[in-house]
Amino acid sequence: MIFSIVKEKTSHEHRRIIKKVTYSLLRIGLRHFHPFGVLNTIFPIKLPVDNLPVTDIAATFTPMVAASILMYREEGFEGVKNLLKRAFDCKRITKKVWYIPIIFLTPFIFVLTYMIMRLVGLPVPTVWSPPLRTPLLFIAFFFAAAGEELGYTGYVTDPMQARYKALTASLIIGSRRRFQ
């Protein structure tokens with residue numbers, strides 16, 4: 001009886017470790033060996049937006065691609081569909097006050113950075129015309145954030161929060177993202 005409980009716990013722990021290692025290896029592999037990276041090595045392409053390499057754009061989607069592959073292995077297309085739906089799942093936010101930083105913090109930081117650069121006299125990388133480019137930038141940043149966050153927050157956070165408290169799980173995920 002005791003042996004079967006220990007065996008079951010070890011088996012569960014073993015599957016959990018394999019799942020984390022597989023996600024990390026898949027994410028790293030996709031980030032460094034995706035088709036855009038290979039093509040960009042042969043034919044370097046720079047986008048007009050601050051000389052941004054195409055590989056940086058593709059890299060924002062690698063966590064989502066890795067999570068989608070693993071969700072497909074675990075739950076099929078239904079799991080992938082549920083993962084992608086999480087980008088629009090507002091019901092999980094129970095305290096509505098969190099919408100203020102969600103919506104306004106990043107634009108506020110960008111505008112503040114722009115204003116400080118102008119006040120200090122630093123060169124601004126590109127010409128900024130808010131009325132024309134703001135909707136396009138919002139869409140671009142939304143998809144870039146969704147591509148990255150669906151992989152980390154949509155796939156990794158729930159298992160981490162099942163094991164740790166929310167703050168601890170966030171610090172672990174954030175520190176792993178910082179040092180990759």
Side-chain angles (χ1 to χ4, degrees), residues 20 23-24 26-28 30-32 34 36-37 46-71 79-180:
K20 285 170 59 176
Y23 175 75
S24 295
L26 187 58
R27 191 191 77 239
I28 290 167
L30 286 170
R31 185 176 194 111
H32 295 290
H34 55 77
F36 288 123
K46 302 286 185 186
L47 297 176
V49 181
D50 294 334
N51 210 16
L52 180 69
V54 174
T55 54
D56 287 359
I57 294 172
T60 62
F61 295 100
T62 55
M64 180 185 69
V65 172
S68 297
I69 291 169
L70 294 174
M71 285 303 292
V80 175
K81 188 169 79 172
N82 289 336
L83 176 71
L84 296 176
K85 280 182 183 178
R86 289 190 72 170
F88 300 99
D89 187 6
C90 298
K91 294 175 189 154
R92 296 174 67 96
I93 302 171
T94 55
K95 295 182 180 177
K96 302 304 178 197
V97 71
W98 282 107
Y99 282 110
I100 295 169
I102 288 170
I103 294 170
F104 296 111
L105 185 61
T106 301
F108 172 75
I109 291 171
F110 284 140
V111 169
L112 184 64
T113 303
Y114 177 80
M115 291 169 72
I116 290 171
M117 288 176 71
R118 297 288 290 192
L119 287 172
V120 176
L122 292 173
V124 179
T126 58
V127 178
W128 185 45
S129 55
L132 301 175
R133 294 193 181 158
T134 301
L136 295 175
L137 286 174
F138 177 80
I139 292 167
F141 279 116
F142 176 80
F143 281 110
E148 191 171 13
E149 293 303 323
L150 282 173
Y152 292 113
T153 307
Y155 184 77
V156 176
T157 301
D158 287 343
M160 292 291 285
Q161 284 185 345
R163 184 173 178 146
Y164 305 105
K165 292 182 179 181
L167 179 61
T168 306
S170 301
L171 291 172
I172 291 169
I173 293 168
S175 65
R176 289 185 69 189
R177 288 172 61 182
R178 175 70 180 114
F179 297 111
Q180 46 177 321

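Counting heavy-atom neighbours within 6.0 Å of Lys96 NZ, excluding the residue itself, gives a total above 12.
To the nearest 0.5 Å, the span separating CG on Leu119 from OH on Tyr114 amounts to 10.5 Å. Taking OG1 of Thr113 as the reference point, atom CZ of Phe108 lies at 9.0 Å (rounded to 0.5 Å). Between the CD1 atom in Ile116 and the CG atom in Leu112 there is a gap of 4.0 Å [rounded to 0.5 Å].
Cys90 is listed as a side-chain neighbour of Tyr99, based on a closest heavy-atom distance under 4.5 Å. Looking only at side-chain heavy atoms (C-beta outward), Leu84 and Met64 come within less than 4.5 Å of each other.
Take Asp158 and apply the side-chain hydrogen bond (donor to acceptor under 3.5 Å, both in side chains) test, not counting sequence neighbours, and it matches Arg86, Arg92. Partners of Phe142 under the ring-ring contact (aromatic ring centres under 6.0 Å, His included) rule, at least two apart in sequence or in another chain, are Phe88.
Nearest approach of Ala169 to Gln161, heavy atoms of both residues: CB-CG, 3.9 Å. Leu83 and Tyr155 make their closest contact through CD1-N, 4.2 Å (heavy atoms, listed as atom of the first residue, atom of the second, distance). Considering every non-hydrogen atom in both Gly151 and Ala67, the closest pair reads CA-CB, 3.8 Å.
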